[in-house]
Amino acid sequence: LTPLKADAMLLKEKAPGETFWIDAESTPRCSLEQLALAVLRFHAGSEVSADSPPVRGAEFWIQVRGSDGSPTIALHWDSDELHKRASGEHLPPWLA
């Protein structure tokens with residue numbers, strides 16, 4: 001857990017509030033990119049390829065939460081925001 005925490009704190013300091021992307025066939029530069037690709041490959045399996053849709057890579061971000069159990073981030077889900085604005089319909093990440 002120590003490399004993940006160290007990388008998370010570094011990214012939080014260098015790029016607060018940003019989201020990050022790693023292409024499916026990229027070489028990870030840190031433990032967070034390595035974890036993102038491992039999760040992607042676990043869920044997408046053989047569909048993971050930069051050359052063949054639907055899976056192109058993984059987006060990830062850093063969240064810092066309090067250890068006292070109180071919520072620090074409101075309940076939400078990810079969706080294609082451009083599609084939602086145009087149609088009013090939420091599409092989950094695997095369709096967006």
Side-chain angles (χ1 to χ4, degrees):
L1 189 59
T2 301
L4 286 173
K5 182 178 178 181
D7 287 344
M9 297 309 288
L10 180 62
L11 283 179
K12 180 183 175 294
E13 178 185 317
K14 299 285 185 185
E18 294 293 319
T19 61
F20 304 94
W21 176 266
I22 183 163
D23 289 329
E25 294 181 352
S26 292
T27 300
R29 298 170 294 176
C30 68
S31 63
L32 295 168
E33 289 184 345
Q34 186 175 13
L35 177 61
L37 284 180
V39 171
L40 176 68
R41 290 180 178 132
F42 175 83
H43 289 287
S46 63
E47 295 180 35
V48 177
S49 168
D51 296 325
S52 61
V55 179
R56 299 285 217 165
E59 179 183 26
F60 64 98
W61 53 93
I62 309 303
Q63 295 179 350
V64 177
R65 297 178 179 242
S67 60
D68 64 356
S70 61
T72 55
I73 299 171
L75 176 65
H76 72 283
W77 61 89
D78 298 321
S79 65
D80 182 333
E81 296 299 325
L82 292 176
H83 179 79
K84 186 199 178 289
R85 279 194 286 278
S87 69
E89 176 185 35
H90 284 282
L91 290 178
W94 59 88
L95 296 177

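Worth knowing before you read on, the calculation uses all heavy atoms, side chains too, and leaves out hydrogens, waters and symmetry mates. The structure displayed is predicted, hence computed values, not measured ones.
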Could you report the tightest heavy-atom contact between [X] and [Y], atom names first, then the distance?
X: P28; Y: L37; value: CG-CD1, 3.8 Å
X: A58; Y: A36; value: CB-O, 4.0 Å
X: R41; Y: A24; value: NH2-O, 2.7 Å
X: T27; Y: E33; value: O-OE1, 4.2 Å

Please round to the nearest 0.5 Å and tell me the distance separating atom CG of L11 and atom SG of C30.
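These two atoms lie 5.5 Å from each other.
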Any chance you could measure L35, atom CG, to L40, atom CG, to the nearest 0.5 Å?
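Going from CG on L35 over to CG on L40, the span is 11.0 Å.
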Just grab all the side-chain hydrogen bond (donor to acceptor under 3.5 Å, both in side chains) pairs involving residues 6-16, residues at least two apart or on different chains.
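Non-adjacent pairs meeting side-chain hydrogen bond (donor to acceptor under 3.5 Å, both in side chains): D7-S31.
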Treat each ILVMFWY residue as a node, draw an edge where side-chain heavy atoms are under 4.5 Å apart, and state whether I62 and L4 are in one component.
yes
Linked, directly or transitively: W21 and F60 (ILVMFWY side chains, under 4.5 Å):
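W21 and F60: separate clusters.
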Salt bridge (charged side-chain N to carboxylate O under 4.0 Å, His left out) involving R85 - partner list, sequence neighbours excluded:
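Result, salt bridge (charged side-chain N to carboxylate O under 4.0 Å, His left out) vs R85: none returned.
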Trace of the side chain to side chain contact (heavy atoms under 4.5 Å, CB included) decision for L32 with F20:
CA-CA 10 Å; L32 295 168; F20 304 94; over 6 Å; no
